[in-house]
Every structure is written in structure tokens, then in C-alpha cells.
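In what follows, a structure is listed as C-alpha cells, so that the remarks can point back to it.
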Amino acid sequence: MGRIQFLLRCMFRHGLRTNLTMLSLVTAFMLFIMLRSVAVVFETGFDAGPQTRMQTASKYSMVDMLPLAHMNVIRSIEGVTDVTHASWFGGFFEEGETNVATFAVDPETYFDVYSDFEIDPNALEEFKSIRTAALAPQGMIERYGWEIGQKISVVSTIYPAPSEEGWVFDLVGSFESTNESDGFDPFLFHHDVLRETFAAGAVGWYTFLIDDPERADVVAQVVDRRFKNSSDETRTMTESDSWKSFLAQYGDISLMMTGILGAVFFTMILLTANTMVQGYRERVPELAVMKTLGFSNLSVSMYILVEALLLCGISAALGVGLGTLVSMGAQDFMPPMIPIYFDPITIIWGLILGLALGLFVGLVPAVNANRLEIVEALHAH
């Protein structure tokens, strides 16, 4: 019998107990990957775009609108090269949905500022020239099974529909983001539709480009000073910082995730340690026999320690693998403004944590096995 086979036989001596322990560990490591994939966004934000792209919104609340006149003021500031605007529409395509991003935008300028969106020039020209035109990210088109040229009916949680058919737009094309870290892409249509229907002379926020990322703070201060003491004061920052500020409104999610994981792994330590200690106690006579046959104290204790490492290591690998698959496909079930950012470093930490857990729970039984006296062990049993 080989050493690996011997270790596996020992580990699965009580198959039900070992399998239940491993199932618990696999679940814990799945949770680790999934929760950390959410927490990392709240800790560091994500790469929302180039550092030359900035965003101006209402100083006091993201639901407060800004006048359209702000656009020309921002464009006139030194260092600003392009500016556009967008408004949150609160739209959805199927009843009960809440995780769809729908923006009313300025078709003439939006793709100048968001140059990391790839779009067919002909589709862009149609989008600009047709009042009811709309664009959707390729992933959204595939998700709903749409076709270019199809009429898309949208229901809004903010703006009442002008007719029983709801808001109807002509899908003229698709686009894709070249930024792999981008958490979502929105469904886009003309802001003029809102302005003409509701006399909406305001927008949700402005996004603009600057010529020098080193001057981002200076430009932000200049923009905000222009509207200081007005009825529509602003807060300007880079787009990445704006995302972090938005996500902070949900509370200290990172701390909550850490607390949940701490509780889970504390329970796993107790459970796994109990499994290892019980296994050691049941095998004391066998360990004494092994020493009688010539196995050294070190080799016997190493068998115990490696068994614990195998138990936790295999469970960690399975949990990390399953957690990775779930996390990579979980974005469709999350709100659009909260992306899942899967960091490969999380996998490494998960595997390290699995080995550390195995070392921790196997250390005491291994030390006891090393100190075990043959006569006392056989006499006690």
C-alpha cells in the first residue's frame, strides 16, 4: 500500500464524518470566494475607465437633477476636452426586474466621452439621427434574444409611460466595452425623448474628459466653484472615485463580509479540529503499533499533519473552484450599479487559507502523536 493510499484510507476511516466535514469546508470556501468578490469592489472600487474621465453630480443627492445649462459651463473650463450627460431612467424589460441599467443620454457626445465603447459607425449614425433610436450592449441583446431593428418596449419606475404600450424604442445597434473591469453596460436612448415628453430641462449627471489626469483635483475644484452658492451645487471627482462614493452609500459592506467570513471560519475550525481530534483518539493503538514496527516519532506525526492538510486542502480547492465559477456568472443577478469584481488573488488567498487551516487543526494531534509512548498507548486501550 502506497503512502498516499494509506493517508486516504486513514482520512476516510469514518466516511460519513469525513464527507460531512469536507462538505462544510467546501461551502465555507465557496462563500469566501463569493463574498470577497463583492467586498473587493467596496474596498477598492473597480477600474471604471481612464483617469482622465470625470463626473459631476449634485452635491447633496444623486437623485437631484442638474440644469442642462451646466454643460456649456463645464465645457468652457480649461483642461476639459469633451463633455456629455446621462440620466437614470429606472427602466426594465420584463416584469419584476430590478437589475437593468437604462440611461437617457446625449447621442451627439456620449460616445466621444466613452471612447472605450466599441460601436459600428453606421449604428452610431442611426442612433444620432433617429429620435426613438436605442442602443444596447451585445450581452443584453443576447440575454433577451433581441434583433437589430426590433422595437423594444421599456417600463420605467421613474417616468410614467406616455401610452399603454410603454416606452417604445427602435433598436438600431449594439456596442461593447473594451474595459474588461467594467461591471455593466447600459441600455441607451435619446434624452430628448424625456425632455419633449416631460419638459425635462435637467439631467442626472455630467461626464467629461480632461487633457491631463494630474490636474484632476484642480479641475474638480474649478468646476465645483463655478456652481458654488447656486441652487444646483455640484460635486466633481474622477469616475472611479465617483463609483467608490456611490458604493459607500450601501454601508461598510467590506466589514460585514469580513464579519460573516470570520464567523463561518471560526465554526469550521471547531468542526475540523473536532474531526481530527476524534480521528486521532480512535487511532492511538494503531499509531502505537506503527511505532512498534519501526516508524519514527517524526514520521507518525507527519502522517497526522499531512492528513489534516489533505482534508482541508482538497476541500479548499473544491470550494475555491466552485466559488470561482459561481462568482464569474453572478453579475446577471446583481444590481447593475454593483459589479462583481473577481480578483485572481482571492483564489490564491483561498488556497493559502485552506493550507493554514489544515496546519492549525492538525498541529495538536501531530504533536500528541509525536509524544505518544507505545506502552502507555497500548495499556490505555
Criterion side-chain hydrogen bond (donor to acceptor under 3.5 Å, both in side chains) on T234 and D224, from CA distance to verdict: CA-CA 5 Å; T234 61; D224 291 340; 2.8 Å; yes
Is any side-chain heavy atom of [X] closer than 4.5 Å to a side-chain heavy atom of [Y]?
X: D211; Y: T52; value: no
X: S76; Y: R226; value: yes
X: P186; Y: F175; value: yes
X: H191; Y: D106; value: no
X: N19; Y: L23; value: no
X: L68; Y: R195; value: yes
X: V80; Y: V219; value: yes
X: F32; Y: V264; value: no

Full working for side-chain contact (heavy atoms from CB on, under 4.5 Å) between Y144 and I152: CA-CA 10 Å; Y144 292 106; I152 307 298; over 6 Å; no
Do [X] and [Y] sit in the same hydrophobic cluster, where Ile, Leu, Val, Met, Phe, Trp and Tyr count as joined when their side-chain heavy atoms come under 4.5 Å apart?
X: V367; Y: M276; result: no
X: M140; Y: L124; result: yes
X: L31; Y: I347; result: yes
X: I148; Y: I130; result: yes
X: F266; Y: M30; result: no

State the [atom1]-[atom2] distance between [X] and [Y], to the nearest 0.5 angstrom.
X: R131; Y: H190; atom1: CZ; atom2: NE2; result: 9.5 Å
X: L188; Y: F117; atom1: CG; atom2: CZ; result: 7.0 Å
X: Q138; Y: E142; atom1: CD; atom2: CD; result: 4.5 Å
X: R53; Y: T81; atom1: CZ; atom2: OG1; result: 11.5 Å
X: L270; Y: T275; atom1: CG; atom2: OG1; result: 11.0 Å
X: F127; Y: I119; atom1: CZ; atom2: CD1; result: 7.5 Å

Which atom names give the shortest non-hydrogen contact between [X] and [Y], and what distance separates them?
X: G354; Y: C312; result: O-CB, 3.3 Å
X: P160; Y: I158; result: CD-O, 3.6 Å
X: V361; Y: I269; result: CG1-O, 4.0 Å
X: A123; Y: G173; result: CB-CA, 4.0 Å
X: A216; Y: M54; result: O-CE, 3.2 Å
X: I74; Y: F208; result: CG2-CD2, 3.7 Å

Sub-6.0 Å ring centroid separation between Y110 and F103: no
T109/D82 under side-chain contact (heavy atoms from CB on, under 4.5 Å): CA gap, chis, key distance, verdict: CA-CA 8 Å; T109 59; D82 284 297; over 6 Å; no
Counterpart residues, salt bridge (Lys or Arg N to Asp or Glu O under 4.0 Å), relative to [X] (two or more places apart):
X: R17; result: E282
X: K151; result: D170
X: E233; result: K59

H70 side-chain N/O to W205 backbone N/O, donor-acceptor pair under 3.5 Å: no
Y206 and V223: CA distance, side-chain angles, deciding distance, side-chain contact (heavy atoms from CB on, under 4.5 Å) verdict: CA-CA 11 Å; Y206 291 96; V223 171; over 6 Å; no
ring-ring contact (aromatic ring centres under 6.0 Å, His included) partner of F93, the single match among F187, F169, W167: F187
Set of residues satisfying side chain to side chain donor-acceptor pair (under 3.5 Å) with respect to S315, sequence neighbours excluded: none
Contacts of type side chain to side chain donor-acceptor pair (under 3.5 Å), residue T56, not counting sequence neighbours: T236
Might you confirm whether atom [atom1] of [X] has over 12 heavy atoms from other residues, nucleotides or ligands at distances under 6.0 Å?
X: D217; atom1: CG; answer: no
X: F265; atom1: CZ; answer: yes
X: W349; atom1: CH2; answer: no

Compile the donor-acceptor pairs under 3.5 Å between side chains in residues 294-302 and protein atoms, sequence neighbours left out, one pair per line.
| from | atom 1 | to | atom 2 | distance (Å) |
| --- | --- | --- | --- | --- |
| S296 | OG | S299 | N | 3.1 |
| S296 | OG | S299 | OG | 3.1 |
| N297 | OD1 | K291 | NZ | 2.8 |
| S299 | OG | S296 | N | 3.0 |
| S299 | OG | S296 | O | 2.8 |
| S301 | OG | N297 | O | 3.2 |
| S301 | OG | L298 | O | 2.8 |

Aromatic plane relationship, F189 with F89 - under 30° parallel, 30 to 60° tilted, over 60° perpendicular: perpendicular
Audit row: Y114, V105, side-chain contact (heavy atoms from CB on, under 4.5 Å) steps and yes/no: CA-CA 12 Å; Y114 285 90; V105 303; over 6 Å; no
Passing candidate, side-chain contact (heavy atoms from CB on, under 4.5 Å) with L311, options V306, L357, T272: T272
